[in-house]
Amino acid sequence: MGKSKVLVVGGTGYMGRRIVKTSLAQGHPTYVLQRPEIGLDIDKLQMLLEFKKQGAHLVEGSFSDFQSLVDAVKLVDVVICTMSGVHFRSHNILLQLKLVKAIKEAGNIKRFLPSEFGLDPARMGHALEPGRVTFDEKMVVRKAIQDAKIPFTYVCGASFAGYFAGNLSQMGTLLPPREKVLIYGDGNSKVTIVDEDDIATYTIKTIDDPRTLNKTLYFRPPENVLTQKQLVDMWENLIGKKLEHITISQQDFLASMKGMDYAGQVGVGHFYHIFYEGALTNFEIGKEGEEASKLYPEVKYTRMNEYLKIYA
C-alpha cells in the first residue's frame, strides 16, 4: 500500500497551507484545489505556484461547478477541508455541504477530514449566541457526512498557539503585553494550546491510520495543557518582569460583548467557553475519540515556553 493521495480544499488558508506542506513532507501525493474565485489575489496564486514547485498538483475546481468538485475528488483517496470558520477572516463552514455531496457522488474517498480544529462542536450544544453558529454549522456538516456514510476523522480540541499563546490569550491583539495582562476569572482553567505546524503534523498522520477511522482526534499533549496563569508565568520569566494582573469576572467579560460588532461577540463567546468553562479539557476522551500525542508519541511537539521565546 502506497501513501494515500490527498486533496486539500482551502490550501492557501491559515491551516491549509500548513496541511499542504506537511502532506508533502510526509510523502503523500498532494493535490490542492485551485478555485477561479481567487480572482486577482496574487498572494494566494503565488502560494499555489510555490506548492506546485514543491511537488503538489494544482486541480481546478469551484464550489459553483459541482462536476468540477466531483472530478477533483476522484483523483485522490483522502479529502481534507480547511476552509475558514472564524468570523474575523471569512466564514465558510456550510460551503462544505457541496463538498460532501461531491464526495458521495465520487464514491471513492476512504477518509474525509472536514474543517474543524477548534472546540469539539458535539460538546457545544449549550454554546452562547451568536458564537454558537460555528458549532451548529459544523454539526450540520457532520450530520451530512454521516448520513452519506462517508468515512471521516474529526480533528479538534486545540487552541491555535498563534492566536492564544503569543498574545497570552488577550483579545484584539496578536502580540504579548509588556505592562499589564487581563486574566480570565481565576486564570486556572486548563487550556490546550498547540503550535499550528504540530496540528498539521498530527492531522496528516491520521489519514492512513485505522485507529482514527470514524473517530475524533483530540489534542492533549501533556506539557501544552496549561492554565492562562502558567502561560503568563512563562512570559514573565522570559522577559524578567512581573506584569500587572487585571482580573475580569465572568459577568464583566460577558457584558463586554455589548456594543461589539458581530465578529467580536462571536470571539467573546468562544473565549468564555475556553477560559471560564474550560471547554477544551473539561471532559474525558471516550471511545469516540483518540488523543494525538498518545497515538503519535514520536512527534516532538513545540512546548509553549519555547514558542514564546521568539516574541521576547
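For the numbers below, each heavy atom of this structure counts, side chains included, while hydrogens, waters and symmetry mates do not. No experiment lies behind these values; they were computed from the predicted model shown.
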Q) Are R142 and Y154 in a cation-pi setup, meaning NZ or CZ lies under 6.0 angstrom from the ring centre and within 45 degrees of the ring axis? A) yes

**Q.** Under 3.5 Å: donor-acceptor pair, side chain of D197, backbone of R18
**A.** no

Q) For the side chain of N237 and the backbone of D233, is there at least one donor-acceptor N/O pair under 3.5 Å apart? A) yes

Q: Taking the side chain as every heavy atom from C-beta outward, state whether P176 and L308 have any pair of such atoms under 4.5 Å apart.
A: no

Q: Kindly compute the distance separating NZ (K309) from CD1 (I239), expressed to the nearest 0.5 Å.
A: 15.0 Å

Q.
Ring-plane angle category for F117 and F160, please: parallel below 30°, perpendicular beyond 60°, tilted otherwise.
A. tilted

Q.
To the closest 0.5 Å, what do you measure between CD (E290) and CG (D209)?
A. 8.0 Å

Q: May I ask you to test the C156-L119 pair for a side-chain heavy-atom distance under 4.5 Å?
A: no

Q) Does the distance from a Lys or Arg side-chain N to an Asp or Glu carboxylate O, for R17 and E196, drop under 4.0 Å? A) no

Q) Are F51 and Y31 near enough that their ring centres are under 6.0 Å apart? A) no

Q: Examine distances only and state if a side-chain atom of N224 and a backbone atom of T302 form a donor-acceptor pair shorter than 3.5 Å.
A: yes

Q.
Working to the nearest 0.5 angstrom, can you tell me the gap between L45 CG and L49 CG?
A. 4.5 Å

Q. Quick check: are there more than 12 heavy atoms from other residues, nucleotides or ligands sitting under 6.0 Å from NZ of K215?
A. yes

Q) If only atom types and distance count, is the side chain of S159 paired as donor or acceptor with the main-chain N or O of T192 below 3.5 Å? A) yes

Q | Distance-only side-chain donor-acceptor flag, T30 / S23, under 3.5 Å | A | yes

**Q.** Donor on one side chain, acceptor on other, S68 and E60, under 3.5 Å
**A.** no

**Q.** Aromatic ring pairing F271/Y184, orientation class (parallel under 30°, perpendicular over 60°, tilted between)
**A.** perpendicular

Q: Give a yes or no answer on whether the side chain of H28 reaches the backbone of S4 with a donor-acceptor pair at less than 3.5 Å.
A: yes

(Q) Any heavy-atom pair between the side chains of Q251 and L254 that's under 4.5 Å? (A) no

Q: For the pair D77 and K110, evaluate salt bridge (Lys or Arg N to Asp or Glu O under 4.0 Å) and give the outcome as yes or no after the intermediate values.
A: CA-CA 6 Å; D77 310 299; K110 65 177 205 182; 5.5 Å; no

Q. Between Q67 and D71, do the side chains contain an N or O donor and an N or O acceptor separated by less than 3.5 Å?
A. yes

(Q) If we check side-chain contact (heavy atoms from CB on, under 4.5 Å) with L94, which of these qualifies: M83, K138, E137? (A) E137

Q: Check for a donor-acceptor pair, side chain of R303 on one end and backbone N or O of Y301 on the other, with a separation under 3.5 Å.
A: yes

Q.
Are F283 and V191 connected into the same hydrophobic cluster when the rule is that any two of I, L, V, M, F, W, Y join if their side-chain heavy atoms are below 4.5 Å apart?
A. no

Q: Determine the minimum heavy-atom distance between Y296 and T212, stating which atoms define it.
A: OH-CG2, 3.7 Å

(Q) Under 4.5 Å between side-chain heavy atoms, counting indirect links through other Ile/Leu/Val/Met/Phe/Trp/Tyr residues: same cluster for L217 and V225 or not? (A) no

(Q) Any heavy-atom pair between the side chains of Q228 and Q170 that's under 4.5 Å? (A) yes

Q. Shortest non-hydrogen contact from T22 to A200?
A. OG1-CB, 3.4 Å

Q: List the steps, then state whether side-chain hydrogen bond (donor to acceptor under 3.5 Å, both in side chains) holds for Y218 with D120.
A: CA-CA 9 Å; Y218 294 100; D120 181 1; 2.5 Å; yes

(Q) If you apply the rule side-chain contact (heavy atoms from CB on, under 4.5 Å), what do you find for V70 with K74, and how did you get there? (A) CA-CA 6 Å; V70 175; K74 280 183 172 171; 3.9 Å; yes

Q) Is it the case that more than 12 heavy atoms not belonging to I246 sit under 6.0 Å from its CD1 atom? A) yes

Q. What distance do D195 atom CG and T201 atom OG1 have between them, rounded to the nearest 0.5 Å?
A. 8.5 Å

(Q) Looking at every non-hydrogen atom in both residues, tell me the closest pair between E236 and L243 and how far apart they are. (A) OE2-N, 3.0 Å

Q: Assess the side chains of N167 and T173: does a donor N or O sit below 3.5 Å from an acceptor N or O?
A: no

Q. Within the distance-only criterion (no hydrogens, no angle test), does the side chain of K52 pair as donor or acceptor with the backbone N or O of H57 below 3.5 angstrom?
A. no

Q: Search all heavy atoms of A279 against all heavy atoms of M124 and return the closest pair with its distance.
A: CB-SD, 4.2 Å

Q: Could you grab the distance from atom CD1 of I285 to atom CD of E291, nearest 0.5 Å is fine?
A: 5.5 Å

Q: Taking T82 for its side chain and Y14 for its backbone only, find out whether a donor-acceptor pair lies under 3.5 Å.
A: no

Q) With the threshold set at 4.0 Å, does a side-chain nitrogen-carboxylate oxygen contact exist between R123 and E288? A) yes

Q. According to a 4.5 Å side-chain heavy-atom criterion applied to Ile, Leu, Val, Met, Phe, Trp and Tyr, with indirect links allowed, do Y202 and L24 form part of one hydrophobic cluster?
A. yes

Q: Look only at the side chain of W235 and the backbone of P177, and say whether a donor-acceptor pair between them is shorter than 3.5 Å.
A: yes

Q) If only atom types and distance count, is the side chain of R111 paired as donor or acceptor with the main-chain N or O of T206 below 3.5 Å? A) yes

Q. Heavy-atom distance under 4.5 Å between the side chains of V32 and L48, does that happen here?
A. yes

Q: For residues H270 and Y163, establish whether the separation of their ring centroids is below 6.0 Å.
A: no

Q: Apply side-chain contact (heavy atoms from CB on, under 4.5 Å) to L75 and V59, showing your working.
A: CA-CA 9 Å; L75 296 170; V59 189; 3.8 Å; yes

Q) Given side chains that start at C-beta, do those of V141 and I93 come closer than 4.5 Å, heavy atoms only? A) yes

Q: State, yes or no, whether a side-chain contact exists between I150 and V100 at a heavy-atom distance under 4.5 Å.
A: yes

Q) Could you go step by step and tell me if M304 and M234 meet the side-chain contact (heavy atoms from CB on, under 4.5 Å) rule? A) CA-CA 8 Å; M304 288 302 111; M234 286 176 184; 4.1 Å; yes

(Q) Given F112, which partner from the list T153, L7, V79, I207 fulfils the side-chain contact (heavy atoms from CB on, under 4.5 Å) test? (A) V79

Q) In terms of heavy-atom contacts, does NZ of K149 have more than 12 from other residues, nucleotides or ligands at under 6.0 Å? A) no

Q: May I ask whether V6 and L213 are part of the same hydrophobic cluster, defined by side-chain heavy atoms of I, L, V, M, F, W, Y residues being less than 4.5 angstrom apart, directly or through others?
A: no

Q.
Distance check, rounded to the nearest 0.5 Å: S62 atom OG versus L69 atom CG?
A. 7.0 Å

Q. Taking C-beta and beyond as the side chain, do K101 and K104 meet within less than 4.5 Å on heavy atoms?
A. no

Q.
Tell me whether E298 is salt-bridged to K205, with the criterion being a basic N under 4.0 Å from an acidic carboxylate O.
A. yes

**Q.** More than 12 heavy atoms of other groups within 6.0 Å of Q146 CD
**A.** yes

Q | Candidate pair T227 and V232, rule side-chain contact (heavy atoms from CB on, under 4.5 Å), full reasoning | A | CA-CA 9 Å; T227 67; V232 172; over 6 Å; no

Q. Between Y276 and Y272, how do the two ring planes meet: parallel, tilted or perpendicular, split at 30° and 60°?
A. parallel

Q: Locate the shortest heavy-atom distance separating P151 from N214; write the atom from each residue and the value.
A: CA-OD1, 3.3 Å

Q | Considering all heavy atoms, the nearest F275-S189 contact | A | O-OG, 2.9 Å

